[in-house]
Amino acid sequence: MASVKMYNKSGDTKAQEIQQGIEKKFGKLPEVFQAMGRSGDFLEAVLKVAEAAGSNLDPKTKELIIIAVSAANGCQYCLDAHRSAALLMGVTDEEISGAIEVAGSISLFNTINKAIDLNSDLKTPVRS
């Protein structure tokens, strides 16, 4: 059960309109969009950022990155949603597992590096 009020087409007018479009796309209104449905301005901004982020990447790569970050952040909701989306666009289970393995391995390095406060000695040189 969510710990915030859910706005199932009960937010402001703009939010309700956006949610109707989302519901049409998915055949239902996913809870994530209900949780963000109080303010149409907020919901619109979030959706624009999500669309703009990685617009230079192919959709498969973008989904694999989302899966990896969701796994590293421990967000089962996002992991489930984007694994489903990735599979629908032809991403294989092996590619999904590979993305999660990469996220797990770099998370391990991140934890060790932060814990022992290493100097950052592998910086990329500035290009002119």
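Predicted, not measured: the structure shown is a model, and the values here were computed from it.
- Between the CG atom in Leu43 and the CD1 atom in Ile22 there is a gap of 5.0 Å [rounded to 0.5 Å].
- From Ile18, atom CD1 reaches atom CG of Leu29 across 11.5 Å, with rounding to the nearest 0.5 Å.
- Surrounding NZ of Lys14 are more than 12 heavy atoms belonging to other residues, nucleotides or ligands, all under 6.0 Å away.
- A donor-acceptor pair is defined here as one N or O able to donate and one able to accept, closer than 3.5 Å; no such pair exists between the side chain of Ser97 and the backbone of Glu94.
- The minimum heavy-atom distance between Ala103 and Ala72, with the atom names listed, is CB-CB, 4.2 Å.
- Under the 4.5 Å side-chain contact rule for hydrophobic residues, Leu118 and Ile112 share a cluster.
- Distance check: Thr92 OG1 to Leu87 CG gives 8.5 Å after rounding to the nearest 0.5 Å.
- Each of Asn73, Ile66, Ile96, Ile100 was checked for a side chain to side chain contact (heavy atoms under 4.5 Å, CB included) with Leu79, and the lone residue meeting it is Ile100.
- Once rounded to the nearest 0.5 Å, the distance linking CD1 of Ile65 with OG of Ser70 reads 11.5 Å.
- In this structure, Lys114 NZ and Phe109 CZ are separated by 14.5 Å, a value rounded to the nearest 0.5 Å.
- At a threshold of 4.5 Å between side-chain heavy atoms, the hydrophobic network of Ile, Leu, Val, Met, Phe, Trp and Tyr places Met89 and Phe26 in two separate groups.
- No side-chain donor-acceptor contact under 3.5 Å links Gln19 to the backbone of Asn8.
- Panel note: side chain Lys62, backbone Ala53; a donor-acceptor pair is recorded below 3.5 Å.
- In the hydrophobic clustering of ILVMFWY residues, with side-chain heavy atoms under 4.5 Å counting as a link, Val69 and Val32 come out apart.
- Without hydrogens or angle criteria, Tyr7 side chain to Ala15 main chain gives no donor-acceptor distance under 3.5 Å.
- No donor-acceptor pair closer than 3.5 Å links the side chain of Asn119 to the backbone N or O of Asp121.
- Considering CE of Met36 and CE of Met6, their distance stands at 10.0 Å, rounded to 0.5 Å.
- Linking Ile, Leu, Val, Met, Phe, Trp and Tyr residues whenever their side-chain heavy atoms come within less than 4.5 Å leaves Ile67 and Val102 in two separate clusters.
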Stepwise side chain to side chain contact (heavy atoms under 4.5 Å, CB included) check, His82 with Leu64 | CA-CA 8 Å; His82 290 280; Leu64 287 169; over 6 Å; no

